[in-house]
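Just so you know, these numbers use all the heavy atoms, side chains as well, and skip hydrogens, waters and symmetry mates.
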Amino acid sequence: MARFCLFLAVLGLMALGGWLYAREWAPDREAFPTQGVSVSSDNGSIDWGTLAAQGADFAYIRASRGGRLRDPAFEANWAGARAAGLRYGAALDFSLCARASEQATGFLTMVPRDNAALPPVIRLAFEPGCRARPGQDAVLSELNTLINLIESHAGTPVLLNVSDDFDAQYAIASGINRTLWLDRNFFAPDREKRKWVMWTANDMRHIDGIDGPVRWDVMAR
């Protein structure tokens, strides 16, 4: 029994060590020199000066989700990132439960025209609480409408941050010719299979300036 308890204790310490390592981990700067965060009101109040001092080079800031939620922290985060000297861009969380025109209106109402901003991002993932699953043609049509409206406002092509399961169902990468942003904790996606320029490398990172976990992102060389 004593040996069994010792074994369990060792396993617990190993798990704790792995968790502590994971929450601090970021890709090597030599391989990925430009790194930053994705944030929203879910992250609470952000100390942008501290975040910049911790090595964040840029921030993608959620402006809206679907056609109904306009992020209440967007303006403060947009101004804070800019004041701290970070590069900054706006993100929209796409919804299968709202029309493209409605989603575009929510985004364009929040995001100012800004030539210094990074290209806007549309995040494509299955939204909790939305059970709609339109056919591929309908989704690609709505998404193209949304892309055209946002690009006309921003004056630059969008990035598509697509989850693996969303892409598997709707073949976004092959159906729409836009630059990709992929998610995969700790292991970089294979660029030979799908060309990408952005990668969410750790969605559980803890860093000074933000309470709780944050998405840590990197740009490809």
Side-chain angles (χ1 to χ4, degrees), residues 15-29 31-48 50-66 69 71-74 77-78 80-81 86-96 118-130 158-170 172-173 179-191 193-221:
L16 176 61
W19 177 75
L20 290 174
Y21 177 78
R23 59 180 270 158
E24 301 288 337
W25 183 86
D28 185 80
R29 287 276 179 174
F32 299 100
T34 306
Q35 306 190 14
V37 295
S38 296
V39 298
S40 70
S41 56
D42 297 339
N43 297 107
S45 179
I46 298 173
D47 185 333
W48 286 99
T50 297
L51 190 61
Q54 292 293 305
D57 303 306
F58 66 87
Y60 265 101
I61 302 162
R62 186 178 70 186
S64 60
R65 184 175 67 216
L69 186 147
D71 197 295
F74 175 77
N77 285 336
W78 189 261
L86 276 67
R87 300 178 68 188
Y88 51 92
L92 178 153
D93 289 355
F94 180 75
S95 174
L96 293 172
L118 294 167
V121 167
I122 300 174
R123 301 195 192 283
L124 302 170
F126 291 114
E127 177 188 12
C130 173
V158 303
L159 297 177
L160 298 180
N161 180 195
V162 57
S163 69
D164 286 343
D165 56 350
F166 196 97
D167 193 35
Q169 179 153 342
Y170 290 113
I172 299 299
T179 304
L180 293 179
W181 172 341
L182 302 180
D183 301 337
R184 185 163 301 164
N185 279 336
F186 314 124
F187 299 98
D190 188 345
R191 296 192 73 199
K193 291 183 178 179
R194 288 192 292 178
K195 298 297 183 183
W196 55 268
V197 299
M198 292 281 293
W199 164 40
T200 297
N202 188 354
D203 65 8
M204 62 184 77
R205 190 170 189 209
H206 287 245
I207 187 170
D208 291 345
I210 298 180
D211 290 333
V214 67
R215 285 169 49 115
W216 190 256
D217 312 310
V218 302
M219 294 183 181
R221 285 183 178 273

Trainee: In Å and rounded to the nearest 0.5 Å, what is the CE to CG distance from Met219 to Asp57?
Mentor: 8.0 Å

Trainee: Run the ring pair (Phe, Tyr, Trp, His ring centres under 6.0 Å) test against Phe58 and tell me which residues pass, sequence neighbours left out.
Mentor: none

Trainee: Keeping Asp167 on the side-chain end and Ala173 on the backbone end, is there a donor-acceptor pair under 3.5 Å?
Mentor: yes

Trainee: Less than 4.5 Å apart, side chain to side chain, heavy atoms only: is that true for Arg205 and Pro213?
Mentor: no

Trainee: Just how far is it from atom CG of Asp42 to atom CZ of Arg215, taken to the nearest 0.5 Å?
Mentor: 11.5 Å

Trainee: Does Tyr60 reach the side chain of Leu159, with side-chain heavy atoms less than 4.5 Å apart?
Mentor: yes

Trainee: Would you call Ile207 and Trp216 a side-chain contact if the rule is heavy atoms closer than 4.5 Å?
Mentor: yes

Trainee: Answer yes or no: is there an ion pair linking Asp164 with Arg194, defined by an N-O contact shorter than 4.0 Å?
Mentor: yes

Trainee: Nearest 0.5 angstrom please: Arg62 CZ to Leu69 CG, how far?
Mentor: 5.5 Å

Trainee: Below 4.5 Å, heavy atoms only, C-beta onward: do Val158 and Val121 meet side chain to side chain?
Mentor: no

Trainee: Determine, for Trp196 and Arg191, whether the Lys NZ or Arg CZ falls below 6.0 Å from the six-membered ring centre while staying within 45 degrees of the axis.
Mentor: yes

Trainee: Could you check if a side-chain atom of Val214 sits within less than 4.5 angstrom of a side-chain atom of Val39, using non-hydrogen atoms only?
Mentor: yes

Trainee: Any side-chain heavy-atom pair from Met198 and Asp217 closer than 4.5 angstrom?
Mentor: yes

Trainee: Answer whether the closest heavy-atom distance between the side chains of Ser95 and Arg65 falls below 4.5 Å.
Mentor: no

Trainee: Against Thr200, only a single residue in Asp183, Asn185, Asn161 fulfils side-chain hydrogen bond (donor to acceptor under 3.5 Å, both in side chains); can you say which?
Mentor: Asp183

Trainee: Ser163: which residues meet the side chain to side chain donor-acceptor pair (under 3.5 Å) condition with it, sequence neighbours left out?
Mentor: Asp165

Trainee: Taking the side chain as everything from C-beta on, heavy atoms only, tell me whether Leu96 gets closer than 4.5 Å to Phe166.
Mentor: yes

